[in-house]
Amino acid sequence: MTSYVLKFQETNETNEALVGGKGMNLSECAKIQGVRVPAGFSVTTEAYKETVAENHEFKQLLEQLTLQENENTADIREISAKIRTLIQNIPIAPEISVEIDAAIMNIDASAAFAVRSSATAEDLPHTSFAGQHDTYLNIIGIDEILRHISKCWASLFTERAIIYRNENHFEHSKVHLAVVVQEMIFPEASGILFTADPITSNRKSLAIDASFGLGEALVSGLVSADSYTIQENTITNKIIATKKIAIYGLKEGGTETRPLEPSKQTAQTLTDEQILTLAKLGRTVEAHFNKPQDIEWCLAQGQFYIVQSRPITTLYPVPEVDEPGNRVYISVAHQQMMTDAMKPLGLSFYLMTTSASMYPAGGRLFVDITQSLSFPTSRDMMVNTLGASDPLIKDALLTVINKKDFLPPLPVENTPNHATAPGKPPVRNVPDPAVVFELVKNSEASINQLNETIKTKSGSALFDFIVEDLLELKSVLFNQTSIDAIMAGMDASAWLNEHISKWLGEKNVADTLSESAPNNITSKMGLELLDVADAIRPYPAVRSYLEQTKNPDFLADLAHLEGGKEAKHAIEAYLEKYGMRCAGEIDLTKTRWIENPLALVPLILSNIKNFEPNASKHKFEQGEKEAREKEQTLLKQLAELPDGAEKAAETKTKIDTLRNFIGYREYPKYGMINRYFIYKRALLRAGEELVRSGVISEKEDIYFLYFDELREVVRTNKADYQLINTRKSDFASYEKLTPPRILTSDGEMISGQYHRENLPENTILGLPVSSGVVEGRARVILNMEKADLEDGDILVTAFTDPSWTPAFVSIKGLITEVGGLMTHGAVIAREYGLPAVVGVENATKIIQDGARIRINGTEGYIELLD
């Protein structure tokens, strides 16, 4: 039998689809001992389907709306208005209205009711849909209630709700609306309770907003609310707002806005006792749902009522670490310049590659640094080492360290394990420059061997082989000679910056001395794409085709065009060498350039537009010339100082070391990404076999399993699709989160601040990583595939990894939201001679695309000129 009405007490998990998110959550709240929920029921989605979804005219309008999904908002607005008018004019069938009438009579026919929308896509873990659909208060009488039910149904197709669904990839035809009808409470006060701080994400901190009258004044922004913060049954902060108006219900139905009497305007809305009572109630509701909640409440005649509870969708997850006490975690994403969420299989490979203890949270990885912060020597070393490359992390760490009673008191370091006295850093071995050639040759031989051997592996043997080969990868990555070569370049860079600043007063000289350093596989990648542009430039037909094609298999079509064979050969040769790279490449599951060559087309076209032939050779030679001239100038200036000959000789040695080794720093990651792609291709073949066997639906489903889980699926030919779908849903929510630099076990996200003075007006601070000052047009680009760059542009993006290097040849400056002195973007910016400032919080939101800006890569700030 079709259910058009379900009372709160009749609702459970089996009929959640009938009552929507709000209806389900209210029904759950009504079952919690000690929690008051106003009596009510849900008009189910069956009533919506019967009345609206099956209507022929509605179906036609819905088809039009689906066609307009990515079209002009004016067209969406017009169709939206037609749908809403239609829905409000469709009569509700007698069999539905009879059930609603009976449910109202069961509560109180003379009572006033709140009529509230409850969509099936509402209050989900990654999309709350909060405020998208309508609520009506103080509705009296069956006819008015039925009319407002229709208005709620119509609100499913407001312009904002349609656009929200488009942005979150929900099909309009698959989202249905239930309506909650609930006895009206006329409160003295109302508001919102967050059982975790919505700003800092601290799970131990509750936040309450409170104002007089109905909560509509607060949620609609008509009044400022009192704000109370509570931790462990203690009110830790109170802000008492001036509240000039409040909304109250009318006897005849509806609401009105009234001015508050002067004595109430600055009065505390809730007493301290009420605040603590409400906080305790919030913890009770949170415990029932087993996750932090966003709760709407009201206070009537001294009693608190819950009128809604939904999960807080914006909190960053906390790593699951089975260790006692408070913990502190540092983001790996910020160290690796890849802050996007990673899928489980990608996380697996990074975890299997690293030797550090890392923990997944929110699709990113974090390292537990609590123990390092627990002893003076290791604490100071960590703060200063990390702070040297990222001052924001240093400031965030100091914030944690200074939190009262969060970390245990520092012990007296009088044991052998902690008796190391601070002193000079250890003297590292500087290898013979010839080892760079040997390291590269050995790595390439190892990769070629892997590529041949893995083709012979399948089934469980493939997984055993990958585990074995990961040991080879780690032996390459953590080879002591390789580490010595990397550190030799980095140490020389630090030495030059420190000593030349002290001796000559010039900052960051290593930036210029690093330009066009040899043996840098990543900078070569950018320059060699200029050569690809040279191969295509003479052929207008190829250029015209590339400007309009959206075909991912466009290479196959080139052969039919004049110059197409030459263009195809140039692109394929580039992909043979660099095709395993892509944005966010440390995530093995990301689409590689060779899998989607279209990603490179905008950059190739920009290179054709912005550069003359042979630009790669000219740019490299220009960099060499600037580095050589800078070296000669420095040595000449040093020779004139006291002990000048000695200073110049030592500096010359450091410059040679810098140029011999700084480029090699990019190679180990290139080798790692090569191996990752070989693993990926082999695992996708295993995925195709699972599809053929009917175990999974599509081969990419393997991305949502950790390595050992996938290995078990291949062994047993059985997959848990509920797990895969849950992981897909989780990943969709993780993609919307911004990972913090520092995260605590309380869930608190801690961001550092820059501390500088005497800067120009309209300045945005960051970390200087590549010297120079340049003005230009800001190009805010989050996806390299949409990189329409012109010569002289300043690239503004969230992060850059090696895959962004081909874009660097077209720009004059770089700004990123994350990064450090020795991250890949900074290294390549220096080699290309680009002024760069990284670690600029929210740069892609603060700086407008197309704005005129000045970037100071020496001092580390950006000026907004427009």
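This one's a predicted model, so the numbers in the text were calculated from it and none came from an experiment.
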Using modelled atom types and a 3.5 Å cut-off, is there a donor and acceptor pairing between side-chain atoms of [X] and backbone atoms of [Y]?
X: Thr11; Y: Ser27; answer: no
X: Arg364; Y: Gly362; answer: yes
X: Asn842; Y: Lys845; answer: no
X: Asp395; Y: Leu392; answer: no
X: Ser378; Y: Phe375; answer: yes
X: Asp294; Y: Phe194; answer: no
X: Thr234; Y: Ile230; answer: no
X: Ser117; Y: Val179; answer: no
X: Thr195; Y: Glu286; answer: no
X: Ser3; Y: Leu6; answer: no

Is it the case that atom [atom1] in [X] sees more than 12 heavy atoms from other parts of the structure closer than 6.0 Å?
X: Glu171; atom1: CD; value: no
X: Lys7; atom1: NZ; value: no
X: Lys728; atom1: NZ; value: yes

For [X], what residues pass the salt bridge (charged side-chain N to carboxylate O under 4.0 Å, His left out) criterion, not counting sequence neighbours?
X: Glu256; result: Arg258
X: Lys204; result: Asp746
X: Lys244; result: none
X: Arg379; result: none

**Message:** Run the side-chain contact (heavy atoms from CB on, under 4.5 Å) test on Leu723 and Leu705 for me, step by step, so that the C-alpha distance in whole Å, both residues' side-chain angles and the decisive distance to 0.1 Å come before the verdict.
**Reply:** CA-CA 8 Å; Leu723 175 66; Leu705 296 170; 4.1 Å; yes
**Request:** Could you check Thr339, Thr844, Val840 and say which one makes a side chain to side chain contact (heavy atoms under 4.5 Å, CB included) with Glu817?
**Result:**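 Among Thr339, Thr844, Val840, the one meeting side chain to side chain contact (heavy atoms under 4.5 Å, CB included) with Glu817 is Thr844.
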**Residue that, paired with Leu281, satisfies side chain to side chain contact (heavy atoms under 4.5 Å, CB included) out of Ile295, Val35, Leu276, Leu193** =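 Going through the options one by one, the only one that passes is Val35.
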[atom1] of [X] to [atom2] of [Y]: how many Å apart, nearest 0.5 Å?
X: Cys29; Y: Met24; atom1: SG; atom2: CE; result: 10.5 Å
X: Ile145; Y: Ile139; atom1: CD1; atom2: CD1; result: 8.0 Å
X: Asp197; Y: Met749; atom1: CG; atom2: CE; result: 9.0 Å
X: Glu28; Y: Ile306; atom1: CD; atom2: CD1; result: 14.0 Å
X: Asp368; Y: Tyr329; atom1: CG; atom2: OH; result: 5.0 Å

**Request:** If a pair satisfies side chain to side chain donor-acceptor pair (under 3.5 Å) and one of its residues is in residues 35-49, list it, with sequence neighbours excluded.
**Result:**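 Counting only pairs at least two positions apart or across chains, the side chain to side chain donor-acceptor pair (under 3.5 Å) contacts touching residues 35-49 are Arg36-Gln303.
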Indicate yes or no: does [X] engage [Y] in a salt bridge with an N to O separation below 4.0 Å.
X: Glu261; Y: Lys264; answer: no
X: Lys243; Y: Asp226; answer: yes
X: Asp134; Y: Arg160; answer: yes

[X]: what forms a side chain to side chain contact (heavy atoms under 4.5 Å, CB included) with it, not counting sequence neighbours?
X: Gln301; result: Glu188
X: Ser751; result: Glu841
X: Ala111; result: Asp108, Phe113, Glu183
X: Thr589; result: Lys343, Leu345, Asp587, Tyr703

**Message:** For Thr14 and Asn12, which I'm curious about, is there any donor-acceptor pair between the side chains at under 3.5 Å?
**Reply:**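 There is such a pair between these side chains.
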**Message:** Within the 3.5 Å criterion, strictly below it, is a donor on Thr236 or Gln231 matched to an acceptor on the partner's side chain?
**Reply:**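 On atom types as modelled, these side chains do not qualify, holding no pair under 3.5 Å.
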**Full working for side-chain contact (heavy atoms from CB on, under 4.5 Å) between Phe41 and Ile100** = CA-CA 9 Å; Phe41 58 89; Ile100 296 170; 4.3 Å; yes
**Request:** Keeping to residues at least two apart or across chains, list the ring-ring contact (aromatic ring centres under 6.0 Å, His included) pairs with something in residues 260-299.
**Result:**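 Qualifying pairs, neighbours excluded: Trp297-Phe304.
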**Message:** Restricting to side-chain hydrogen bond (donor to acceptor under 3.5 Å, both in side chains), what partner residues turn up for Tyr350, sequence neighbours left out?
**Reply:**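 If we apply the side-chain hydrogen bond (donor to acceptor under 3.5 Å, both in side chains) test to Tyr350, skipping adjacent residues, the hits are Gln336.
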For residues [X] and [Y], report the shortest heavy-atom separation together with the two atoms involved.
X: Ile32; Y: Val285; value: CD1-CA, 4.1 Å
X: Leu214; Y: Tyr248; value: CD1-C, 4.0 Å
X: Glu10; Y: Val5; value: OE1-O, 4.3 Å
X: Gln268; Y: Asp272; value: NE2-OD1, 2.9 Å
X: Ala210; Y: Tyr228; value: CB-CE1, 3.8 Å
X: Ser118; Y: Gly21; value: OG-N, 3.5 Å

**Message:** Is there a side-chain contact between Pro360 and Leu351 in this structure, where contact means two heavy atoms from C-beta onward sitting under 4.5 Å apart?
**Reply:**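 Pro360 reaches Leu351 side chain to side chain.
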Exercise answer: donor-acceptor pairs, residues 400-408 side-chain atoms, under 3.5 Å, sequence neighbours excluded:
residue, atom, partner, partner atom, Å
Asn402, ND2, Leu398, O, 3.0
Lys403, NZ, Glu748, OE1, 3.0

**Request:** Would you check, one step at a time, whether the test side-chain contact (heavy atoms from CB on, under 4.5 Å) holds for Phe186 with Asn138?
**Result:** CA-CA 9 Å; Phe186 296 97; Asn138 201 21; 3.2 Å; yes
**Asked** Quick one: are the ring centres of Tyr316 and Phe366 less than 6.0 Å apart?
**Response**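 When the ring centroids of Tyr316 and Phe366 are compared, they turn out to be within the sub-6.0 Å range.
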**Prompt:** Can you list the steps and then say if Arg283 with Lys280 is a side-chain contact (heavy atoms from CB on, under 4.5 Å)?
**Reply:** CA-CA 5 Å; Arg283 288 291 185 220; Lys280 185 177 179 181; 5.8 Å; no
**Item:** From CA spacing to verdict: side-chain hydrogen bond (donor to acceptor under 3.5 Å, both in side chains), Asp209, Ser227
**Value:** CA-CA 5 Å; Asp209 285 353; Ser227 294; 3.1 Å; yes
